[in-house]
Amino acid sequence: IETYTLTKTDYLGRKTTTNERREKPAHHTIYLLYGLPKSKLIEVAAHEFGHDWMQEHLPGIKDLTVKEGWAEYVASLVNQIYGRSGMNERMRVNKDSVYGGGYRKLRKVSRRGGLKVVVKYLEKFNSKSKTALGGSK
């Protein structure tokens with residue numbers, strides 16, 4: 001729930017200000033490239049939804065490696081659900097320290113208890129002063 005300040009002007013030009021509390025809308029818009037194969041479209045949509053989920057639930061995480069690692073991890077879970085675990089090999093061997101490194105770290109954390117453990121791990125670092133993949137900024 002968020003508080004909004006609304007300013008209204010009546011027909012005489014008088015302004016009134018009120019504060020209203022409204023529930024935050026629970027919708028997201030994700031734009032995807034046209035023409036992707038269905039399996040890749042599903043993976044990319046899951047990756048982008050991972051970003052939206054993190055922004056809504058863990059907005060204090062600013063580290064790009066954490067953000068991209070999380071999004072890749074979410075995409076890997078969806079690949080598993082759709083019986084396409086083989087698509088996760090790309091993430092596992094990705095030499096990029098942001099995407100591949102972040103994914104590998106969160107995958108390692110997940111071995112301690114799955115998704116719940118990963119989210120709990122990320123929650124500890126939901127601030128501007130620390131990163132979830134180790135160290136301080």
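All values below were derived from every heavy atom in this structure, side-chain atoms included, with hydrogens, water molecules and symmetry-related copies excluded.
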Review point. What distance separates Leu58 CG from Lys124 NZ, expressed to the nearest 0.5 Å?
Key: 13.0 Å

Practice item. Might you work through the side-chain hydrogen bond (donor to acceptor under 3.5 Å, both in side chains) test for Glu68 and His51, ending with a clear yes or no? Key: CA-CA 8 Å; Glu68 295 302 341; His51 285 303; 3.1 Å; yes

Practice item. Identify, with sequence neighbours excluded, every residue that meets ring pair (Phe, Tyr, Trp, His ring centres under 6.0 Å) alongside Phe49. Key: His28

Check your understanding: Given the rule that I, L, V, M, F, W and Y join up when any side-chain heavy atoms are under 4.5 Å apart, are Met54 and Val117 in one cluster?
Key -> yes

Practice item. Look up atom CG in Leu41 and atom CG in Leu32, then write down how far apart they are to the nearest 0.5 Å. Key: 5.5 Å

**Study point:** Stepwise side chain to side chain contact (heavy atoms under 4.5 Å, CB included) check, Leu106 with Leu122
**Key:** CA-CA 9 Å; Leu106 294 182; Leu122 294 177; 4.0 Å; yes

Review point. Got a second to check how far Leu77's CG is from Leu115's CG, nearest 0.5 Å?
Key: 6.0 Å

Check your understanding: Which pair of heavy atoms, one from Asp96 and one from Asn94, lies closest together, and at what distance?
Key -> N-OD1, 2.8 Å

Review point. Is Ile42 reachable from Val74 through a run of I, L, V, M, F, W or Y residues, each pair having side-chain heavy atoms under 4.5 Å apart?
Key: no

Study note, to complete from the structure: For Ala45 and Ile30, the nearest pair of non-hydrogen atoms, with its separation, is O-CD1, 4.1 Å

Check your understanding: Can you tell me how far CE of Met87 sits from CG of Asn79, rounded to the nearest 0.5 angstrom?
Key -> 5.0 Å

**Study point:** Those residues that, when tested against Arg90, pass salt bridge (Lys or Arg N to Asp or Glu O under 4.0 Å) (two or more places apart)
**Key:** Glu43, Glu72

Point to revise | Shortest non-hydrogen contact from Gly50 toward Trp70 | key: O-NE1, 3.0 Å

**Study point:** Where Ala46 and Ala75 come nearest, the two heavy atoms and their spacing
**Key:** CB-CA, 3.8 Å

**Study point:** Qualifying residues under salt bridge (Lys or Arg N to Asp or Glu O under 4.0 Å), relative to Glu89, sequence neighbours excluded
**Key:** Arg92

Review point. Measuring from Met91:CE to Tyr103:OH, what's the distance to the nearest 0.5 Å?
Key: 6.0 Å

Check your understanding: Is there a path of hydrophobic side-chain contacts, each under 4.5 Å between heavy atoms of I, L, V, M, F, W or Y residues, that connects Leu36 with Tyr82?
Key -> no

Exercise for review: Return the minimal non-hydrogen interatomic distance between Arg104 and Val93, and the atom names on each side.
Suggested key: NH1-C, 4.1 Å

**Study point:** Hphob cluster co-occupancy, Trp53 + Val44, side-chain heavy atoms under 4.5 angstrom
**Key:** yes

Exercise for review: Could you tell me how the ring of Tyr99 sits relative to the ring of His47: parallel (under 30°), tilted (30 to 60°) or perpendicular (over 60°)?
Suggested key: parallel

Point to revise | From Asn126 atom CG to Lys62 atom NZ, the distance as rounded to the nearest 0.5 Å | key: 8.5 Å

